[in-house]
Amino acid sequence: MHDPLTTQTHDGNSQQPCRIIAVANQKGGVGKTTTAVSVAAAAAELNKRVLLVDLDPQSNATTGSGLDPQTIEASMYHVLLHELPMDDVVQATTVKNLFIAPSSMQLAGAEMELVSAFSRETKLRVALDKVSSDYDLVIIDCPPSLGLITINALTATKHVLVPIQCEYFALEGVGQLIRNIDLVKRNLNPELELAHVVLVMFDGRTNLANQVVDEVRQHFGDRVCRTVIPRSIKLSEAPAHGLPITVFDTDSRGAAAYRSLAAELLEEPHG
């Protein structure tokens, strides 16, 4: 395992408290993992020390960051179920300043195992509390479901980022996510809020995409990010190469959009 503190030295950005953002949407195929990986890599480019936490049993953020889940000995499963310290699972990626706490297939069974666990909703928060001072930004890639793993993510952060694709039924499922955020806020984490909505897979040539943008902006107001992520073949190809879009095709529209989104998220006040 790579020790993040010996792999790279911190550049002094730790004056600001660590910002933790959970990327969540229970609907699959909405660019959730692409957004998590791309924002994390773009923020690392901005000389921020970034930890990407992969909580999805499909391990797409892990493979998209260049790691093979089959070869990982310790993953977020061991953090959540066996209280292994985060430092023991965090690995460096090929991107400077970007570290990952990888997922594994074992996480698929973690939902059931967590049911009977003591303090089952706060496992991630406790684990992150011990390492957050090492990072400027933590991005949590949630599974596309609203079980105990996602509740752990929502309990560990103040800020939820929801990607919404510019297609029919764009808001489908978002209402349920908002209700769950409210439930967690009332019962477990009073500081939680749906802080950001980002429009993804935007095709400006279609009336529908523009209608969706208008609808989402009317619905969520200033929580909608200024940056809109375009539909892009390169964005869908990058994960197969184990690289974030900022590395896979550094001059692409997708890379430029995610750099803009990362800068926008980082300019928000901490807290």
- Got a donor-acceptor contact below 3.5 angstrom from the Thr122 side chain to the Arg125 backbone? no
- Task: Find the distance between CD (Glu237) and CZ (Phe248) and round it off to the nearest 0.5 Å.
- Result: 5.0 Å
- Query: Which pair of heavy atoms, one from Ser145 and one from Thr150, lies closest together, and at what distance?
  - Reply: O-OG1, 2.7 Å
- Go through the steps for Leu107 and Met76 under the test side chain to side chain contact (heavy atoms under 4.5 Å, CB included), then give the verdict. CA-CA 7 Å; Leu107 262 181; Met76 285 307 300; 4.3 Å; yes
- Note on the structure: Looking only at heavy atoms, the pair that brings Lys185 and Leu192 closest together is CD-O, 3.2 Å
- Query: Is it the case that Ser103 and Tyr77 place a side-chain donor and acceptor less than 3.5 Å from each other?
  - Reply: no
- With the side chain counted from C-beta on, respond yes when Leu51 and Val90 share a heavy-atom pair under 4.5 Å apart, and no when they do not. yes
- Task: Starting at CG of Asp141, measure out to OG1 of Thr33 and round the result to the nearest 0.5 Å.
- Result: 3.5 Å
- Query: Counting distance only, does the side-chain N/O of Ser59 pair as donor-acceptor with the main-chain N or O of Thr62 below 3.5 Å?
  - Reply: no
- Less than 4.5 Å apart, any side-chain heavy atom of Lys158 and any of Glu193? no
- Message: Within the structure provided, determine whether Val115 and Arg120 are in side-chain contact (heavy-atom separation under 4.5 Å).
- Response: yes
Let me have the donor-acceptor pairs involving side chains of residues 36-46, under 3.5 Å, with sequence neighbours excluded, atom names and distances please.
unit_1, atom_1, unit_2, atom_2, d
Ser38, OG, Thr34, O, 2.6
Glu45, OE1, Arg259, NE, 2.6
Glu45, OE2, Arg259, NH2, 3.2

- Note on the structure: Residues Pro144 and Gln58: closest non-hydrogen pair is CG-NE2, 3.8 Å
- Does Val212 reach the side chain of Phe169, with side-chain heavy atoms less than 4.5 Å apart? no
- Message: Side chains of Thr155 and Glu121 only: does a donor on one sit below 3.5 Å from an acceptor on the other?
- Response: no
- Query: Between Met105 and Pro57, which heavy-atom pair has the shortest distance, and what is it?
  - Reply: SD-O, 3.8 Å
- Message: Are Ser65 and Leu52 packed together at the side-chain level, in the sense that at least one heavy-atom pair is separated by less than 4.5 angstrom?
- Response: yes
- Could you tell me whether the side chain of Lys48 and the main chain of Leu98 form a donor-acceptor pair under 3.5 Å? no
- Item | Criterion side chain to side chain contact (heavy atoms under 4.5 Å, CB included) on Val198 and Val162, from CA distance to verdict | CA-CA 6 Å; Val198 59; Val162 179; over 6 Å; no
- For side chain to side chain contact (heavy atoms under 4.5 Å, CB included), just list the numbers for Val160 and Ile21, CA-CA rounded to whole Å, side-chain angles, deciding distance to a tenth of an Å, and then say yes or no. CA-CA 6 Å; Val160 182; Ile21 300 175; over 6 Å; no
- Does some side-chain heavy atom of Asp56 sit less than 4.5 Å from a side-chain heavy atom of Lys32? yes
- Taking the side chain as every heavy atom from C-beta outward, state whether Arg179 and Leu183 have any pair of such atoms under 4.5 Å apart. no
- Task: With rounding to the nearest 0.5 Å, note down the distance linking CD in Gln91 to CD in Glu73.
- Result: 9.0 Å
- Query: Atom NE2 in His196, atom SG in Cys225: separation rounded to 0.5 Å?
  - Reply: 6.0 Å
- Test log, rule side chain to side chain contact (heavy atoms under 4.5 Å, CB included), inputs Leu208 and Cys166: CA-CA 8 Å; Leu208 173 65; Cys166 300; over 6 Å; no
- Distance col, row Ile229:CD1 vs Ile164:CD1, nearest 0.5 angstrom, shows 13.5 Å
- Message: Is there a salt bridge (charged side-chain N to carboxylate O under 4.0 Å, His left out) between Lys130 and Asp87? Walk through the geometry before answering.
- Response: CA-CA 9 Å; Lys130 294 171 182 168; Asp87 276 344; over 6 Å; no
- Verify, without hydrogens or angle tests, whether Asp136 (side chain) and Cys18 (backbone) share a donor-acceptor contact under 3.5 angstrom. no
- Val126 and Ile151: same hydrophobic cluster, using ILVMFWY side-chain contacts below 4.5 Å? no
- Item | Distance, nearest 0.5 Å, that separates CD1 of Ile233 from CG of Asp249 | 12.0 Å
- Query: Given side chains that start at C-beta, do those of Leu114 and Asn152 come closer than 4.5 Å, heavy atoms only?
  - Reply: yes
- Note on the structure: The side chain to side chain donor-acceptor pair (under 3.5 Å) partner of Tyr258 among Thr227, Thr246, Thr35 is Thr35
- Note on the structure: For Leu154 and Asn189 the tightest heavy-atom approach is O-ND2, 2.9 Å
